[in-house]
Amino acid sequence: MSYVGKNIRKIRTVKKLSQAAFAELFGLARPSVGAYEEGRSEPKMETLIQIAQHFGLSVDLLLTKELTVNDLYGFEQYQQTLLTTPAAPERAASDQDQRLTPFVPAAQLLEYIVRHHDLAYIDALPSLTFPHQLGPATRAFELHGADMQPTLRHQDVLLTCIVDKTTLRLKAGRVYALVLQNRLLVRRLQEHRSDNTLRLRADNPDYPVQDLPFVDVLEVWEVQGVFSTHLRPPALVEERVTRLERQVEELLARLG
């Protein structure tokens, strides 16, 4: 059973929006909003994603749970907490630059997508400790797949910091972890286009460049570091440069 009609009505009531104002937010006709609320029709998936994104909800909750006022205010509080809560006090002077970072293993990714607004769930995630000063909200994601090779590898752990979606200051050339409705997409930003789509590319040339509508993105995390167990052997060019440097040193020693 879908609760989307009841939830749209509840959101409008809490946010003090008329049906016309709600419709204008998402490019809908006012009668369509009335039809949703009365259960005569349901929004398209694209519209559901826009509504969930705008009000800081997940599509899953919008469809499967009758939201309460506390739920709605709780989601708002969570969004503010991500960006404004100061870091926890340091336990000792030696821990001055260390912070606990919630870790999302690849096996738990789908659960994270559904429950990423749930503070209790986030607190229950395993935590990693990295020396960093990246601000109050960080995540560590386990990378799955070969999309970003050779820069990043399968099972690398990405250390990321939150990007404020209201200002959306994304920088071309940076790597971002984008939480979508069904997966984690790690890509290098090529361009933030005027139609509010992100042009993204993988470092692996076997994967094509893609345009992603920003409305499909639940969370944006900028990759700041990586923990990897893959130790790369020196590249052929590096070996040749090292050999040439050694030969130059030997020649200088003979001449000197």
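A quick note: this is a predicted structure, and the numbers were derived from the prediction, not measured. Just the heavy atoms: all of them, side chains too, but no hydrogens, waters or symmetry mates, feed the values below.
- Using modelled atom types, one side-chain atom of K10 and one backbone atom of L67 make a donor-acceptor pair closer than 3.5 Å.
- Of the listed residues (I8, L28, I49), just one forms a side chain to side chain contact (heavy atoms under 4.5 Å, CB included) with P43, and that residue is I8.
- For residues 28-51, there are no ring-ring contact (aromatic ring centres under 6.0 Å, His included) pairs, not counting sequence neighbours.
- Distance check: Q19 CD to S32 OG gives 10.0 Å after rounding to the nearest 0.5 Å.
- F103 is linked by a ring-ring contact (aromatic ring centres under 6.0 Å, His included) to nothing, counting only residues two or more places apart in sequence or in another chain.
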Where do R199 and V209 land on the side-chain contact (heavy atoms from CB on, under 4.5 Å) test, with the steps shown first?
CA-CA 7 Å; R199 174 152 289 181; V209 173; 3.7 Å; yes
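- Remark: L212 engages L178, L180, L185, L200, D216, V217 in a side chain to side chain contact (heavy atoms under 4.5 Å, CB included) (not counting sequence neighbours).
- At most 12 non-hydrogen atoms from other residues, nucleotides or ligands lie less than 6.0 angstrom from CD of E24.
- If you run side chain to side chain contact (heavy atoms under 4.5 Å, CB included) between P105 and each of E142, Q155, H144, only E142 comes through.
- Annotation: side chain to side chain contact (heavy atoms under 4.5 Å, CB included) contacts of R169 (sequence neighbours excluded): T167.
- Every residue two or more places apart in sequence or in another chain that forms a side chain to side chain contact (heavy atoms under 4.5 Å, CB included) with V114 is listed here: D60.
- Formation of a donor-acceptor pair under 3.5 Å by the D156 side chain with backbone atoms of R153 is found in this model.
- Shown here are the salt bridge (charged side-chain N to carboxylate O under 4.0 Å, His left out) partners of E245, two or more places apart in sequence or in another chain: there are none.
- F214 is linked by a ring-ring contact (aromatic ring centres under 6.0 Å, His included) to nothing, counting only residues two or more places apart in sequence or in another chain.
- The hydrophobic cluster containing V248, built from Ile/Leu/Val/Met/Phe/Trp/Tyr side-chain heavy atoms closer than 4.5 Å, also comprises L252.
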Starting from the C-alpha separation in whole Å, work towards a yes-or-no answer on side-chain contact (heavy atoms from CB on, under 4.5 Å) for W221 and F141.
CA-CA 10 Å; W221 299 87; F141 294 99; 3.9 Å; yes
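- Remark: side-chain polar atoms of Y112 are not paired, donor with acceptor, to backbone N or O of L125 under 3.5 angstrom.
- Y207 shares a hydrophobic cluster with no other residue; no ILVMFWY side chain has heavy atoms under 4.5 Å from its own.
- E191 contributes atom CD, which lies 12.0 Å from atom CG of L170 (distance to the nearest 0.5 angstrom).
- For the side chain to side chain contact (heavy atoms under 4.5 Å, CB included) test, residues two or more places apart in sequence or in another chain that qualify with L143 are L152, L158, V186.
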Run V223 and Y176 through side-chain contact (heavy atoms from CB on, under 4.5 Å) and show every step you take.
CA-CA 5 Å; V223 178; Y176 293 93; 5.9 Å; no
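- T129 contributes no side-chain N or O that, together with a main-chain N or O of L100, makes up a donor-acceptor pair within less than 3.5 Å.
- With sequence neighbours excluded, the residues satisfying salt bridge (charged side-chain N to carboxylate O under 4.0 Å, His left out) with R9 are E37.
- In terms of modelled atom types and a separation under 3.5 Å, the side chain of R188 and the main chain of R174 share no donor-acceptor contact.
- Within the 3.5 Å criterion, the main-chain N or O of A146 finds a donor-acceptor partner in the side chain of N204.
- Listed for the N7 side chain is a donor-acceptor partner under 3.5 Å among the backbone atoms of L62.
- Annotation: the span from I11 atom CD1 to L17 atom CG amounts to 9.5 Å, rounded to 0.5 Å.
- Between H116 and Y121, the ring center distance fails the sub-6.0 Å criterion.
- A search for side-chain hydrogen bond (donor to acceptor under 3.5 Å, both in side chains) contacts involving D195 returns T197, not counting sequence neighbours.
- A salt bridge is absent between E46 and K44: the closest approach of a Lys/Arg side-chain nitrogen to an acidic carboxylate oxygen does not fall below 4.0 angstrom.
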